[in-house]
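Written out below as structure tokens is the structure these notes cover.
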Amino acid sequence: MSLKMKAKISEEQMMMSEFKNEPLANFTLEVERKKMMDALAKVKSEFGRTYGLHTADQVSSASNVITSRNPAFPDQIIGSTISATKEDADRALKIVTEGSKTWKKTPASERISLLEKLADWMVSHKYELSAWMVYEVGKSWKEADADTCEGIDFCRYYAREMNRLAEPRMTQMVLGENDTLAYFPKGVSVVIAPWNFPFAILAGMAVASLVTGNTVIIKPAEQSVVIGAKLAQGLKAVGFPQDAFFFLPGVGEEIGPMIVNDPRVDIIAFTGSADVGLSIIESAARKPKAGQRGVKKVIAEMGGKNALIIDEDADQDEAILGATHSAFGFQGQKCSALSRLLVHEKIYDAFVKRFVEAASGLKMGDPANPEFQMGPVIDEEAQKRILKTIQDAKTRMKVLFESKTPAGNGYFVPQTIFECTDAHEKWFQNEIFGPVILVKKFSTLEEGIELVNSVPYALTGGIYSRSPSHIEKAKAEMEVGNLYINRAITGATVQRHPFGGFKLSGIGSKAGGPDYLLQFLEARTVSENVVRRGFAGEKA
Ligand code: NAD
């Protein structure tokens, strides 16, 4: 390895080591609790506003709106956005297609600097952004704070990553020829996001599009339009050009296919269910239409059916904590959430008893009150679907635990733990996306790993074990995008845990990792003969 190469690597390493994740709030401190209480009060005083399309400015009235409600108290309206029509989507596409002509030529340094400013804006609005999430999607304080911090990390990390990718790099040193590889924006990006990380995922996909020089249409999930509006307001506040982005809330089934199929779109960055993701991949693969620049790039991060193995020699105190947190954090509505707990037969009875006790210790109620670790599920549709799943599962599996739900009309569902004896069971194989866990016994590690790998998804997974050889076997054989050993299986951190799965869980490169931005770029190689023959003078 040449000295030059060594120097480059250490420079890159130095740059990467400077990256610091945004620290999570410490709500055991009075001062931090006060900040959150103040933010909750401020945000509450702003309930009921309506936000417009494009830059999400407040509008005085509108007829066709998406109304966002507090899932803990559905009569409480958080706010509304205009619901985009197909005509609005067409206008949005016109604006960002035109805007792309200048944005793609804007120096990377300017785009990077705007991203850093956006991170600073997020930091200065941190508690408010988290408070919106507590009210709009029912996140506990800690979960909402983690979501905001991840959004900040995405901005800072992708800014650094773009810095790394911005300059052309030499591919090989040969006499007489300059060979370089350089990255160029693709054009117009469409971001379609889920409600469960309403800030971080929406922001992550949007800023990755922008910093790489693509203009972007930002479509939040219907359930979390107000948080989406806050992101759009942030983009405007820090000075992103108003033809570089367009906030387009709307009903997914109505405007989604239109924007996905439009020939002006070059990239679709989607995170959500496998059903919708697969339909997008399918439609993007069709033969290009007139006016389309090429094959559309689809980045699709989809569902999971995540398992945790508890080995016979596991540290059970640690494993109980990790399993409970992974299963019930944000009511199990994380793509990374634990939904299959696999326990070695030698410790099965004792461990499952403790797991049930730990689950029953969690309190469910209004997430604005920090006394409660668990809140409601996202909406009535999810509530009905999960309750129906529980009823169906009861016809085949033994219920080990079913919690009570708070009184009132909030969208609460009971934490439910089933004992599963059949790996072909429908709910052992399919995502439920709620606080419903299946526990299954296994007798050898081989069998445990086989159970992990038996599902169509491959997102997160984990093992608690104190056996080095078992840990090595798990590393080699567990088919998951993110494997966690002797720790909880949720809570991926930007740069430290690049996140994403394979099989039906996704076809993207990991978010928050070094390959992510490449998906938004076109690589071009230039090979220039530089043997001196003399150049013609520049034309005036
Ligand atoms: P969803 O698929 O219902 O919706 C996601 C987005 O797609 C929303 O904005 C929605 O409006 C839009 N949409 C709906 N129909 C569409 C269509 N026909 N064309 C285009 N867009 C359309 O998912 P959700 O309920 O919002 O989110 C939960 C799902 O997301 C779960 O399956 C979860 O596992 C997955 N998820 C995955 C990851 C990951 O990183 N792999 C992260 C978070 C969530």
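Just follow the structure's listing: the first ligand is 1, and inside any ligand the first atom is 1. Throughout, residue positions are numbered sequentially from 1 according to the sequence presented.
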Closest to atom 23 (O) of ligand 1 (heavy atoms only, candidates S273, P198, G304) is S273

Rounding to 0.5 Å, atoms OH (Y464) and CD1 (I489) come to a distance of 9.0 Å

message: Please tell me whether H54 and F247 form a close aromatic pair, meaning their ring centres lie under 6.0 Å apart.
response: no

In this structure, atom 43 (C) of ligand 1 is nearest to the protein heavy atom N196 OD1, 3.2 Å

The atoms of ligand 1 lying under 4.0 Å from a heavy atom of G256, numbered in the order shown, are 19 (N), 20 (C), 21 (N)

The answer for which part of I201 has a heavy atom under 4.0 Å from ligand 1 is side chain

Notebook entry, point to check: Does a salt bridge link K440 with E419, judged by any charged N lying under 4.0 Å from a carboxylate O?
Noted result: no

Atom 10 (C) of ligand 1 has as its nearest protein heavy atom E222 OE1, 3.7 Å

Does at least one non-hydrogen atom of P257 fall below 4.0 angstrom from an atom of ligand 1? yes

for atom 13 (N) of ligand 1, nearest protein heavy atom and its distance come out as G252 CA, 3.7 Å

Is the Y135-F47 ring centre distance short of 6.0 angstrom? yes

CD1 (I227) and OG (S68) are apart, to the nearest 0.5 Å, by 7.5 Å

- Query: Is the cationic atom of R156 (NZ for Lys, CZ for Arg) positioned less than 6.0 Å from the six-membered ring centroid of F19 and within 45 degrees of its normal?
  - Reply: no

Of A193, G204, P194, G272, the one whose closest heavy atom lies nearest atom 8 (C) of ligand 1 is A193

Residue, atom and distance of the protein heavy atom nearest atom 34 (O) of ligand 1 read E431 OE2, 2.7 Å

### Salt bridge present between R69 and D379 (N-O < 4.0 angstrom)
no

Min N/O separation S279 to ligand 1 under 3.5 Å: no

Hey, is ligand 1 close enough to T271 that some N/O pair sits below 3.5 Å?
no

Atom 24 (P) of ligand 1: closest protein heavy atom, distance to 0.1 Å, is W195 NE1, 3.5 Å

Under 4.0 Å and counting heavy atoms only, is there anything from the protein next to atom 4 (O) of ligand 1? no

Original post:
Is K230 salt-bridged to E136, going by a charged N under 4.0 Å from an acidic O?
Top reply: no

So CD of Q519 and OG of S509: to nearest 0.5 Å the spacing works out to 4.0 Å

for atom 37 (C) of ligand 1, nearest protein heavy atom and its distance come out as M302 O, 3.0 Å

Of F499, Y457, F433, the one whose closest heavy atom lies nearest atom 28 (C) of ligand 1 is F433

Does even one non-hydrogen atom of P220 get within less than 4.0 Å of ligand 1?
yes

When distances are taken from atom 42 (C) of ligand 1, the protein heavy atom at minimum range is C335 SG, 3.0 Å

Note: heavy atom closest to atom 15 (N) of ligand 1, options V190, V276, V191, belongs to V276

One finds that the ligand 1 atoms under 4.0 Å from a non-hydrogen atom of I192 are 6 (C), 7 (O), 9 (O), 12 (C), 20 (C), 21 (N)

Within 4.0 Å of some non-hydrogen atom of F270, the atoms of ligand 1 are 2 (O), 5 (C), 6 (C), 7 (O)

message: A cation-pi test, strictly: NZ or CZ of K139 under 6.0 Å from the centre of the six-membered ring of F197 and no more than 45 degrees from its axis. Yes or no?
response: yes

ring-ring contact (aromatic ring centres under 6.0 Å, His included) for F433 and W195? Distances and angles first, verdict last. CA-CA 12 Å; F433 222 57; W195 50 265; 5.7 Å; yes

Exercise. Are the charged groups of K384 and E380 less than 4.0 angstrom apart, N to O?
Worked result: yes

